[in-house]
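Every number for a ligand or one of its atoms is a count from 1 in the order of the listing.
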Amino acid sequence: MQVFKFGGASVSTTERIRALVPIFHQFRDQQLLVVISAMGKTTNALEKVAHAFYDVNRDAALQLFQEIKQQHLQTAGDLLNTGYAACEEQLTNFFTEVEWLLHDQPVQSFDYYYDQIVCIGELLSTAIVSAFLNEAGILNQWLDVRDVLRTDDNFRDANIDWEYSALKVNQVVNPLFSKTSIVLTQGFIGSTDENESTTLGREGSDYSAAVFANLLDASAQTIWKDVAGVMNADPKCFPDAQLISTLNYTEVIEMAYYGAQVIHPKTIKPLQNKSIPLQVKCFLDTSLPGTLIHNKPVKDLPPIIVWKENQVLLQFKSKDFSFVGEQPVAQLYQTFAHLSLRPNMTQNGAISFTCVLDDNPEKMDELAHSAAGQFEVTVEKGLSLLTIRHFIPELFEKLSAGKKLVLKQETTETVQGLFRSET
Ligand code: ASP
Ligand code: MG
């Protein structure tokens, strides 16, 4: 049993959906649990619907949703023949669910409505892709993942209920594999014990796939992407970026931690816990070797470079000169957790604590506000953070040339530099 994850880019056009057929032919006779994201930029479009609804702008919400409906009907129409009518009915049921909601007045939290609306993207894409593959002879069974993956009601960042989900995998998913070799389902979404839809955080489909890999004791997980594999830097910023053919879980989790947009950071733990190898492969050219991630040590890694813009430097200084020890820092970390913030770099001094975070104006205000009683808080925005793992000092110098260094931190493994752009 293997788990495959196809992201939004792999199903963004009818050509790309058709191109899935030869990929599945390569894995004929294997049991596959396939997790698919919403098509292209559908999640962003649905976010706009949720915002319009919550701003009590019903016409705009319905209009924006109408466009999403049309696109999916068009895609289904282009791809399907005999299966069109049944698929259209399935899509229409999903559309109706959302439209009913859009006719209501918002009375609950934004995050709750967000999840009820945004989850539809994955339901629509999987309904279409499943029907298309069945018509193309790749027989598969569509599954509503909300019947299997149970979460808490922490909307927009829901947590998996592992025990209940494991039970459901046994009851629902395993029996399906006695009838079909491919079970096709949604990434990114789940449901509460009250059957409310939830989402697991943006880009969460990698994580959904890992949850399934863990619960099914899969032999491997493959994430199919539009790039050759995991690179040591973002090729858009660093043209010399090179492919890394083998990595281990620790490296990937560290890369994700420092902000490399490789794989959703939550993905590694469920795989690591059961030593399930993760492959990152290119759906545009399946002959490329891709990247293999496992739990064995890897040697001779190239420097791994992460460049993050839009960083905020926050400095918390104790007002009465008392030491910033365990307790005040613990309190700050509680506030971070409460706001779902994760510092990209921290430094602790005798009477001050410094941290660098991704800018999120609302959360920054709330953080500064809640710390203001105890600390003198200073905020500087518009900074950039460079992180290099397995660095060589010359590379750090080269990449920081011509920039104003504000803060630097170095361990034997990793160097980080925070820069102010000079105007
Ligand atoms: N469709 C969701 C998103 O765009 C989940 C995913 O793609 O992993 O964030
Ligand atoms: Mg995506």
Inset, instruction - Look at Asp217 together with Lys274 and state whether they make a salt bridge at an N to O cut-off of under 4.0 Å. - result: yes

Legend entry - Donor-acceptor contact present, side-chain Asp359 to main-chain Gln311, <3.5 Å: no

Inset, instruction - Would you please test Ser191 and Ser197 for side chain to side chain donor-acceptor pair (under 3.5 Å) and show each step? - result: CA-CA 4 Å; Ser191 107; Ser197 300; over 6 Å; no

Legend entry - Numbered atoms of ligand 1 (with element) below 4.0 Å of Thr43, judged on heavy atoms: 1 (N), 2 (C), 3 (C), 4 (O)

Legend entry - Numbering as shown, the atoms of ligand 1 that approach Phe188 to under 4.0 Å (heavy-atom distance): 2 (C), 5 (C)

Inset, instruction - Determine, stepwise, if the pair Phe24 / Phe27 fulfils ring-ring contact (aromatic ring centres under 6.0 Å, His included). - result: CA-CA 5 Å; Phe24 279 101; Phe27 297 90; 7.8 Å; no

Legend entry - Under-4.0 Å salt bridge between Glu99 and Lys69: yes

Inset, instruction - Looking only at distances, please establish whether an N/O atom of ligand 1 is found under 3.5 Å from an N/O atom of Glu122. - result: yes

Legend entry - Contact partition for Ser205 relative to ligand 1, non-hydrogen atoms under 4.0 Å: both

Inset, instruction - Compute the minimum heavy-atom distance from Gly204 to ligand 1 and say whether it is under 4.0 Å. - result: yes

Inset, instruction - Would you check if the distance from the ring center of Phe94 to the ring center of His72 is below 6.0 Å? - result: no

Inset, instruction - Report yes if some N/O of Arg202 lies less than 3.5 Å from some N/O of ligand 1; otherwise report no. - result: yes

Legend entry - Ser37 neighbourhood, listing ligand 1 atoms whose heavy-atom distance to it stays under 4.0 Å: 6 (C), 7 (O), 8 (O)

